[in-house]
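Shown next, in structure tokens, is the structure this report addresses.
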Protein chains: 2
Amino acid sequence: MNGPDQLHAPILCSDCGIYQLCLPTGIGQADIELLDKIVKNRRIFKRGEYLYRLGHPFHSVYALRSGSVKTYVLMDDGRVQITGFHIAGELLGLNAVNTRVYSCEARALETTSVCEIPFDRLEELGQQVPSLQYQMLRVMSQEIAYNQELMLLLGKKNADERLATYLIGLSSRFAKRSYSSTEFNLSMSRSDIGNYLGMAEETVCRVLARFEQEGLISMQRRLVRLKDIEKLTAVAQGGGKAESPSPAVGKRPQSPVSSRNKQVG
Amino acid sequence: MNGPDQLHAPILCSDCGIYQLCLPTGIGQADIELLDKIVKNRRIFKRGEYLYRLGHPFHSVYALRSGSVKTYVLMDDGRVQITGFHIAGELLGLNAVNTRVYSCEARALETTSVCEIPFDRLEELGQQVPSLQYQMLRVMSQEIAYNQELMLLLGKKNADERLATYLIGLSSRFAKRSYSSTEFNLSMSRSDIGNYLGMAEETVCRVLARFEQEGLISMQRRLVRLKDIEKLTAVAQGGGKAESPSPAVGKRPQSPVSSRNKQVG
DNA sequence: CGACCTGTTGAGCAGCCTCAACATAAGTGG
DNA sequence: CCACTTATGTTGAGGCTGCTCAACAGGTCG
């Protein structure tokens with residue numbers, strides 16, 4: 001995690017707020033007005049409704065104004081991997097540019113307000129406003145970096161590290177939107193969290209229960225309070241247990257960092 | 001997997017070949033010449049050398065002319081997640097656009113020839129050639145879709161499915177480059193494959209050995225021959241074992257597709 | 001208030017990791 | 001060219017993390 005929006009705190013543009021597409025200095029007022037004309041298309045999605053579905057033709061991108069959305073990919077037999085959890089200020093759907101067909105589904109986790117932006121309009125405008133083009137590249141670049149972190153989590157972290165990473169990541173994202181970074185509402189169910197972090201729902205419960213018992217957090221249903229962010233951060237990076245004598249050995253999780261993993265190209 | 005380059009077979013542009021940046025109809029001859037001026041910068045990397053490293057400043061993107069490259073992210077304690085395996089015709093480095101700093105490392109797996117393209121030059125040119133901008137979006141969009149598949153693999157597939165998916169994915173990528181789709185050289189070590197698929201090196205060996213024993217493939221060291229692509233494809237999608245009576249039940253791997261996973265937003 | 005959805009907790013099992021020894025290939029230097 | 005060293009791949013035994021199955025508790029909603 002560490003997640004999206006690494007460097008640039010998304011800035012509201014005018015009334016609708018295209019957030020990630022606008023930079024403080026990147027786009028002028030006149031351009032913003034142009035942009036506003038395009039994005040007037042506001043929509044509300046209720047919990048469980050789809051912004052777009054797998055295989056549907058690509059026509060628009062979506063800027064989230066409020067609420068939250070999960071995106072996920074599917075296997076034939078119904079297995080689900082949630083690939084993203086998106087909150088206000090983020091931009092969805094650009095990943096369908098290549099094939100012109102959505103490669104994943106996006107579904108509202110709660111009542112969610114979005115701006116729907118027709119991509120061809122956005123493209124036209126991009127040719128008049130170079131910095132807009134650049135912003136699109138940035139948004140996608142950011143998503144790639146974000147996905148890389150998730151892959152690291154899925155491939156190399158154990159259950160404790162995954163959940164700690166998840167909580168810390170949420171915390172810092174909320175902080176950037178000026179929400180509380182220590183107390184917030186997970187809009188995802190335990191099952192969703194499991195499908196996001198690559199673990200069973202039950203394991204999510206158990207680990208959270210242990211975190212609470214160890215004084216790292218407190219929870220009631222989907223409301224979390226982070227009580228020891230420092231220790232949580234340590235857990236997320238694999239320094240969770242062992243303040244043990246042996247500093248290098250006993251890292252515990254998969255990937256032993258043994259002499260073999262020297263990675264020689 | 002199914003991997004990159006879904007729809008557009010990358011086309012060589014002039015002598016250097018910017019592959020993914022060019023479409024048959026997208027970019028005119030004059031533009032290609034412009035592009036060529038920029039990408040004259042050819043370089044050779046030997047096995048183990050870095051195209052770029054974590055935290056280094058972003059200045060260029062790299063188009064692979066021949067050879068292969070792995071990209072990966074790191075944890076503090078040395079754990080590694082390989083996030084991409086790239087072959088001739090693919091474009092690397094665009095994921096650093098956002099932060100202007102590389103968020104991963106790229107390392108040659110064998111002697112590899114690349115075109116190094118200064119990004120600011122590419123951007124300038126993009127403003128004159130709109131379709132080039134669009135191509136960049138496409139390349140990144142494609143990478144995102146590709147990463148989503150990898151996340152699905154890492155989060156939801158068991159060892160057999162992972163390796164089958166990996167082999168099938170390689171096969172179809174080689175096919176698109178007009179290499180043999182049934183016999184090819186894995187340029188990654190077992191350890192790399194493990195760090196890519198999120199499993200231990202030993203497990204990679206064991207599963208490959210079993211695949212060979214079951215007549216799906218034959219291997220000697222890094223040379224693979226796919227002997228039953230159909231069955232391999234079935235395994236990749238989780239239909240590997242059970243041609244069992246019960247069609248829906250007994251899916252076997254993590255994520256039971258039980259009644260609970262109904263995913264209700 | 002009953003039906004249902006979500007979350008919690010327990011018991012048992014198994015897939016995959018860890019550790020370790022060995023085999024083979026690939027370099028390296030004399 | 002061969003002996004040595006190192007990297008890479010293979011195979012076995014055993015244990016642990018996290019999954020599965022299952023029953024139940026607490027909320028939520030009609």
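We name chains A, B, ... by the order of the sequence lines, and we start the count at 1 in each one.
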- Message: Please evaluate residues L223(B) and E183(B) with respect to the criterion side chain to side chain contact (heavy atoms under 4.5 Å, CB included), reporting the C-alpha separation (whole Å), side-chain torsions for both, the decisive distance (0.1 Å), and the verdict.
- Response: CA-CA 7 Å; L223(B) 186 68; E183(B) 190 162 352; 4.1 Å; yes
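- One atom, CD of E201(A), and another, P of dA25(D), lie 18 Å apart when rounded to the nearest Å.
- Residues passing the ring pair (Phe, Tyr, Trp, His ring centres under 6.0 Å) test with F184(B) are F174(B), sequence neighbours excluded.
- Under 3.5 Å, the side chain of E202(A) and the base of dC21(D) form at least one donor-acceptor pair of N or O atoms.
- When the P atom of dC16(C) is taken as reference, atom CZ of R162(B) falls 8 Å away, rounded to whole Å.
- Applying the side chain to side chain contact (heavy atoms under 4.5 Å, CB included) test to T233(A) and every residue at least two apart in sequence or in another chain returns I168(A), I229(A), Q237(A).
- Residue order along DNA chain D, read from the 5' end via each residue's closest nucleotide, puts M219(B) first among M219(B) and A159(A).
- The CZ atom of R222(A) sits 11 Å away from the C1' atom of dT28(D) (whole-angstrom rounding).
- E105(B) and T71(B) form no side-chain donor-acceptor contact under 3.5 Å, judged by distance and modelled atom types alone.
- Distance from the side chain of A209(A) is smallest for dT9(C) among the nucleotides dT8(D), dT9(C), dC19(D).
- Per the geometry, CE belonging to M199(A) stands 11 Å off C1' belonging to dC19(D), to the nearest Å.
- Atom NZ of K157(A) is separated from atom P of dG18(D) by 14 Å (rounded to the nearest Å).
- One finds no side-chain N or O of S189(B) lying less than 4.0 angstrom from the OP1 or OP2 phosphate oxygen of dT8(D).
- Side-chain nitrogen and oxygen atoms of T203(B) include none within less than 4.0 Å of the OP1 or OP2 phosphate oxygen of dC16(C).
- The shortest distance between side-chain heavy atoms of L150(B) and Y196(B) falls below 4.5 Å.
- Rounding to whole angstrom units, CG of residue N158(A) and C1' of dC19(D) are separated by 15 Å.
- Computed from coordinates, the D160(A) CG to dG18(D) C1' distance equals 11 Å when rounded to whole Å.
- Among the nucleotides dT11(D), dG7(C), dA11(C), the one closest to any side-chain atom of R206(A) is dA11(C).
- The side-chain hydrogen bond (donor to acceptor under 3.5 Å, both in side chains) test with S68(A) is passed by exactly one of R47(A), E110(A), H86(A), E90(A): E110(A).
- For the helix from dC1(C)-dG30(D) to dG30(C)-dC1(D), the rotation axes defined at the first and last 5 base pairs enclose an angle of 50°, given to the nearest 10°.
- Between the P atom of dT9(C) and the CG atom of L208(A) lies a distance of 11 Å, rounded to the nearest Å.
- By the 6.0 Å and 45° rule, R177(A) does not stack over the aromatic ring of Y179(A).
- Distance from the side chain of R221(B) is smallest for dG9(D) among the nucleotides dT9(C), dG9(D), dT8(C).
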